Amino acid sequence: MSFHPQMPYGTPQWHRSERVLADEGPPFAFTPENRQKLEEIASHYPPERRVSAVLPALYLVQEQQTHLTGNAMAHVAEVIGCSRAHVEDVASYYVMFFTKPVGKYVLQVCRTLACALNGAEHVTAELCRQLGVAPGGTDAAGEFTVMEMECLGACDRAPVVMVNNEHWHECQSPEAIQALIRDLREKGVAALTGCHHTKE
Amino acid sequence: MRLPEPVLTPHVKKPHGHTLEHYLQTGGYQALRKALALTPDQVIEQVKQSGLRGRGGAGFPTGMKWGFVPKDSPKPKYLCVNADESEPGTFKDHVLMERNPHLLFEGCVIACRSIGAKVAYIYIRGEFYHVQRVLEAELEKARAAGYVGKNILGSGVDCDIWVHRGAGAYEAGEESALLESLEGKRAQPRLRPPFPAVVGLYGCPTIINNVETICNVPVIFDRGAEWFASIGPEKNTGPKLYCISGHVARPGVYETSMDVTLRELIYDYAGGIPGGRALKAVIPGGSSVNVLTPEALDAQASFDGLVKAGSMLGSAAIMVMDETTDMVWAATNLIHFYKHESCGKCTPCREGSDWMHKVLQKILRGEGSMRDIDLLLGIANNIGGKTLCPFGDAEIAPVVGMLQHFRGEFEHYVREGRSLVPLAPWRAREPAGAHAH
Ligand SMILES: Cc1cc2nc3c(=O)[nH]c(=O)nc-3n(C[C@H](O)[C@H](O)[C@H](O)COP(=O)(O)O)c2cc1C
Ligand code: SF4
Ligand code: FES
């Protein structure tokens with residue numbers, strides 16, 4: 001269907017307005033610590049508005065098992081007290097929730113103008129070449145996923161790479177990619193520079 | 001008067017500049033004491049007198065906004081600090097929250113008390129996990145010291161502050177979408193009216209302000225509304241942070257007042273363009289505003305000055321492009337951003353952004369026709385002013401602006417099948433790949 005002859009309707013790419021369903025996955029329940037953390041967070045909102053804590057709850061799931069599954073979202077719905085459909089609806093909208101399995105390290109490269117003006121395309125291309133993946137893909141060993149992100153809010157340190165939604169690596173260059181992959185394998189996230197403002 | 005010295009960011013480079021101890025040593029939380037000695041109405045009056053305008057994009061007068069909260073409403077009231085900071089090129093709130101968090105808390109307490117709110121939520125973008133950790137650690141200290149929480153400084157005023165982290169959505173920066181996201185839903189905007197000041201978070205009166213706006217509030221009480229109003233040009237008062245990125249020698253956040261010009265910001269503050277290359281284009285307020293050419297360099301970088309120059313101050317994110325920049329590629333890069341971030345609620349924005357991206361990619365591949373250029377303008381015409389939220393107007397700005405100033409480059413692409421400017425070393429010819437999820 002198309003509402004204009006020059007526009008093929010329906011994008012083959014993911015769009016955030018779509019609702020993507022995750023696999024069911026293994027049975028899931030929060031660990032007692034995570035459950036306690038969730039209750040603490042939920043106390044920030046009026047009791048009848050517990051559903052406000054759905055985003056933090058989904059982050060806790062990802063801390064516990066790297067990505068979201070159907071069972072995990074059903075569990076979140078149960079502890080929050082909303083429908084499973086609501087949790088799935090929310091989860092499929094935000095890019096930082098992974099509804100498919102990801103590697104141990106998710107390398108999230110900013111692709112927006114300020115980073116692109118400083119060579120972000122080369123950084124992504126080099127990462128993909130060395131890991132043998134396409135953007136969005138995970139390498140054969142399940143170790144690295146490469147993702148393109150939109151402006152991360154640190155454009156003065158372009159190009160910026162974020163790892164696992166939390167750790168930052170700044171002023172990246174294609175020449176430094178080989179060392180970055182090696183250091184991540186050897187030292188883990190300690191290999192990253194962090195955000196410039198936190199360095200003391 | 002030009003701002004004599006930084007007041008929002010004087011200590012950002014000091015290793016412990018963000019701690020409560022350091023903040024107290026440098027006169028922190030004195031403004032709160034002064035504000036608590038006034039009545040809420042007097043506080044709002046002072047903010048009005050200072051001339052403070054919102055730093056989130058639209059430049060709406062802050063004191064006036066606070067005045068919209070219905071005083072007789074029996075419902076609880078809320079303050080939401082917009083720390084979504086997703087406008088491409090913007091990174092000032094990042095610096096303020098990480099390196100001067102107590103200034104934000106102090107501003108939150110003053111604001112909450114004057115609108116009658118007992119709770120403030122700081123909505124940070126999902127990517128700022130490291131910022132959340134700093135904020136929460138410092139909040140804990142402020143709570144223990146009695147600057148946040150119950151019965152603040154013995155005044156009987158209660159104000160709690162909580163940090164709420166989003167999960168990667170530009171649209172969550174739009175105020176009503178932010179409220180939806182905070183309520184645990186998709187970040188999709190609401191129809192207005194009613195405006196959030198009357199029906200906002202959980203259906204209660206809510207004020208939404210940008211981080212930098214709230215950080216300016218303690219400054220007003222510290223130095224006086226008269227001093228604040230004397231800084232910068234008339235109606236564009238107070239200290240202002242500028243984020244400068246792209247092709248400049250010293251990208252970063254710079255604090256000055258709004259009597260500064262784009263030329264001063266780019267050449268004096270940010271050290272000009274590396275390699276002595278010539279300036280080609282500058283986006284003065286984040287990707288959602290019109291691009292300007294070097295002729296506009298002497299424009300005053302203020303809310304009103306940039307409107308006069310044919311653009312907007314927006315989030316004061318100045319992105320500099322030198323002569324090696326291919327404008328068709330730049331337009332494609334930005335429309336990709338909007339296509340990816342459109343919340344999908346209304347058709348012109350969701351479909352139009354994708355369509356414009358497809359047309360631009362076709363031109364970039366060397367397969368475009370002259371009709372495609374007009375088609376771009378036609379699509380833009382069907383988006384602008386026809387969407388639920390201002391995102392629609394934002395997404396056409398890069399395309400329309402670049403076509404207005406650089407149409408020759410688009411036509412060259414169509415005629416010759418390649419760019420007018422030689423391929424710059426920093427840019428791969430083909431986009432490295434489409435976003436996959
Ligand atoms: C699509 C869109 C994105 C926005 N993103 C932000 C943002 O990231 N940060 C922000 O402070 N304001 C953003 N705004 C502006 C807010 O809607 C709102 O006007 C602002 O937070 C009000 O604060 P102020 O009065 O202090 O400027 C955005 C607006 C739109 C339409
Ligand atoms: S204009 Fe775009 S972002 Fe705004 S409501 Fe419509 S689809 Fe969503
Ligand atoms: S453009 Fe990459 S961080 Fe802003």
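Just so it is clear, the structure is predicted and the values come from calculations on it, not from any experiment. Letters A, B, ... mirror the listed sequences (proteins, then strands); counts begin at 1. Computation of the quantities below employed the complete heavy-atom set of this structure, encompassing side-chain atoms and omitting hydrogens, waters and symmetry-equivalent molecules.
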Look at atom [atom1] of [X] and say whether more than 12 heavy atoms of other residues, nucleotides or ligands are closer to it than 6.0 Å.
X     : atom1 : value
A/D23 : CG    : no
A/Q36 : CD    : no
A/Q64 : CD    : yes

Contacting region of [X] [heavy-atom separation from chain A under 4.5 Å]:
X      : answer
B/A187 : both
B/V248 : neither
B/I283 : side chain
B/E341 : both

Which residue out of [options] racks up the most heavy-atom pairs below 4.5 Å with chain A?
options                       : result
B/A172, B/G344, B/G89, B/C343 : B/C343
B/S86, B/P398, B/G166         : B/G166
B/R165, B/R250, B/Q132        : B/R165

Below 4.5 Å from any heavy atom of chain B, which atoms of A/L152 appear? Answer side chain, backbone, both or neither. both
Could you tell me whether the side chain of [X] and the main chain of [Y] form a donor-acceptor pair under 3.5 Å?
X      : Y      : answer
B/H247 : A/L117 : yes
B/H94  : A/G153 : yes
B/S245 : A/D156 : no
A/H86  : B/G184 : yes
B/N333 : A/R111 : yes

Any chance you could measure [X], atom [atom1], to [Y], atom [atom2], to the nearest 0.5 Å?
X      : Y      : atom1 : atom2 : answer
B/W162 : A/I41  : CH2   : CD1   : 11.0 Å
B/R186 : A/D89  : CZ    : CG    : 4.5 Å
A/T112 : B/M319 : OG1   : CE    : 8.5 Å

Can you name the closest pair of heavy atoms from [X] and [Y] and give their distance?
X      : Y      : result
A/C151 : B/R125 : O-NH2, 2.7 Å
A/Y94  : B/S181 : OH-OG, 2.9 Å
A/Y93  : B/A169 : CE2-CB, 3.8 Å
A/P46  : B/Y78  : CG-OH, 3.5 Å
A/V90  : B/K185 : CG2-CA, 3.8 Å
A/R16  : B/H340 : NE-O, 3.1 Å

Centroid-centroid under 6.0 Å between B/Y121 and A/Y45 rings: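 When the ring centroids of B/Y121 and A/Y45 are compared, they turn out to be within the sub-6.0 Å range.
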side-chain contact (heavy atoms from CB on, under 4.5 Å) assessment of A/Q108 paired with B/E127: CA-CA 10 Å; A/Q108 298 153 305; B/E127 290 85 345; over 6 Å; no
Within-4.5 Å side-chain heavy-atom neighbours: [X] and [Y]:
X      : Y      : value
A/V95  : B/Y170 : no
B/Y129 : A/M96  : no
B/P88  : A/L113 : no

Check the angle between the aromatic planes of A/W168 and B/F128 and answer parallel, tilted or perpendicular using the 30° and 60° thresholds. tilted
